[in-house]
Amino acid sequence: MPMPYRTSAARRPRPARALLGALALLLGLAAPATAVTVSPMALMIDARTRTGTLTLYNPGTLPEEITISFGFGYPKADSAGNVGVQILDSVPAGEPSAVEWMRAFPRRLVLQPGQRQVVRVMVQPPADLADGEYWSRILVSSRGGLPPIEQTQGEMRLQLSVETVLVLAANYRKGEVSTGVEIRSATAARRGDAVEGRVEFARTGNAAYLGTLRAEVLDARGQVVASTSEDLAVYRTLPRRVEVPLPAGVTGPLRLRIDVQTERDDLPRAAVLPAAGVTRTLDVAP
Amino acid sequence: VNAARRLRAVLPALLLTAGAAGVGAPGAAAQAVQSAVVDMRVVVGPPPVLAAPTRDLYFGLVGPGQIIDVPAAPPYPAGTWSAGVRFENLRKQVDYSVRFTLPTQVTRGASSIPVSFVGTQFGFLCVWTTSAATCNALSASFSPATYQNTSPSGYLIDIPNGAGSNNTNFRADVYVGGRLTVPNTQLLPGTYTAPLTVTLAAIN
């Protein structure tokens, strides 16, 4: 029977350590020693300044190694309708990528505890660039200064160190840009104590549609009995599922009103392109 | 914190007598009332998103020929625990996509020990507002291997509408366990390493 490797005294696994680990999960992890905050979560850079800024901050108690890089991606849905942002290594042909023109200064840095750092994102597009909006994603990778847990097994050690990456939108706009959104199809159905809407959006114009989707459930008298709102980003087309929980006792024929407006409280006003609102009201299938 | 606040300041009315200004009929105390309304709109942006690794994946005692499973959530086998990453200041009206870069092995030079992350016991999400112990907003198990950076889909964090207001600061703890398959051969001494990356993207 193979014997376990011996462990060092400093990192010897004990049942008590496992218990502490479980306890940490059960009771909540302690305040992180290594952490980084990033703001804003989206940069809209215009051709006049060709510059945007990110602010990084280390609220932890240990230094944080930060790397800024760029990739291409935007919200898309898979075949099952799940929306995500996949960062691609290479940009598909025909996509309006700004990845090649974006640079971050500094690109690598170490944030000391309590330190704040502004990172400038500069765009150097080709001179003959056509009007329009060009897309990129900023990847803020961070690795704490805390050495990874070393599991010493005699002379063999195992390390699985955790790194985090925050992905932000970074779009570049040149010249005439416009946006809008259309509802290609929409359905609504009751799912237990909620109403589920499924809406397929298609963008118009030459820039991403950044707005807010508000969904309201109306009763037979046209009164709003429940509502919700969510941020909406349509870069090309996007199937979107929205669920509105119903208060207890709501019965009878219902309708779902979908209202889309270019209002976002997380973006500067100048970053949101104005567009006409879109409203659609649907019967809710029981 | 996301609310737009309107502050309205009304300047005090100014009373000017025509006599003081040297105009108007002699002896008449004509009054002109002037006021100004200043409309200010202060938009307070959302707080910055925080990312923090909270602990590394720990496999504990390792012996030749062993297969060691570390689940994402308790109970853990003795001497092991899962990796943890915390994201703070998430917003209810924003969807987030989580992806992983997972090693297939921990290596030291040409020597390696396979590690895998296939199975819903190896991924756990806890979204909470007041205590991480409650996962009061959302909790779910998932297979990390399904949501790698190369996969077509990320794991979607869609905070339920009933979980809190739009201004609530949601925190998401992502836990990742794994399976270590130790070869039944003599392993080279030294340090075996691999990175594990957790990526959060706002769907914006």
Side-chain angles (χ1 to χ4, degrees), chain A residues 2-5 7 13-15 17-18 21-22 25-29 32 34-42 57 59-60 75 78 82-87 142 144 148-149 151 153 155-169 210 228-231 233 243-245 265-266, chain B residues 2 4 43 45-46 48-65 73-81 83-86 93-95 97 106 131-133 149 152-154 156 161-162 173 175 187 189-204:
Chain A
M3 292 292 291
Y5 294 97
T7 61
R14 298 171 188 271
R17 289 182 71 110
L25 180 57
L26 289 170
L27 301 179
L29 298 168
T34 62
V36 62
T37 71
V38 181
S39 66
M41 285 299 279
Y57 173 62
D78 62 14
N82 300 311
V83 180
V85 180
Q86 186 179 16
I87 303 302
S142 60
I149 290 174
Q151 301 155 63
Q153 318 294 333
E155 293 183 344
M156 190 186 77
R157 295 185 294 173
L158 301 179
Q159 295 179 346
L160 271 171
S161 55
V162 178
E163 301 177 11
T164 61
V165 180
L166 287 174
V167 181
L168 337 168
L210 304 177
T228 186
S229 65
E230 297 181 0
D231 289 356
E243 185 178 274
V244 188
D265 61 6
D266 60 328
Chain B
N2 301 321
V43 178
V49 172
L50 176 143
T54 47
R55 64 189 185 203
D56 294 324
L57 180 54
Y58 191 87
F59 282 105
L61 273 174
V62 174
Y76 301 117
T80 73
W81 57 77
V85 170
R86 175 168 295 171
Q93 59 271 51
V94 179
D95 287 344
S97 172
V106 287
S131 164
N149 280 337
S153 307
L156 184 68
N161 286 309
D173 291 335
Y175 300 95
L187 292 165
T191 303
Y192 290 70
T193 61
L196 188 159
T197 304
V198 183
T199 300
L200 180 87
I203 298 180
N204 61 2

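So that the names make sense, note that chain A is the first sequence line, chain B the second, and so on, each numbered from 1. These values consider heavy atoms only, across backbone and side chains, with no hydrogens, waters or symmetry-generated copies. For clarity, every value in this text was computed on a predicted model and none was experimentally measured.
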* **N/O donor-acceptor pair under 3.5 Å between B:D56 side chain and A:S161 backbone** => no

* Asked: Given side chains that start at C-beta, do those of B:N204 and A:M41 come closer than 4.5 Å, heavy atoms only?
  -> yes

Please look at [X] and chain A and tell me whether the side chain, the backbone, both or neither of the residue comes under 4.5 angstrom of a heavy atom of that chain.
X: B:D95; value: side chain
X: B:I203; value: both
X: B:V106; value: side chain
X: B:S97; value: side chain

* **B:A51: partners by side chain to side chain contact (heavy atoms under 4.5 Å, CB included), with sequence neighbours left out** => A:T164, A:L166, B:F87

* side-chain contact (heavy atoms from CB on, under 4.5 Å) assessment of B:L200 paired with A:V167 -> CA-CA 6 Å; B:L200 180 87; A:V167 181; over 6 Å; no

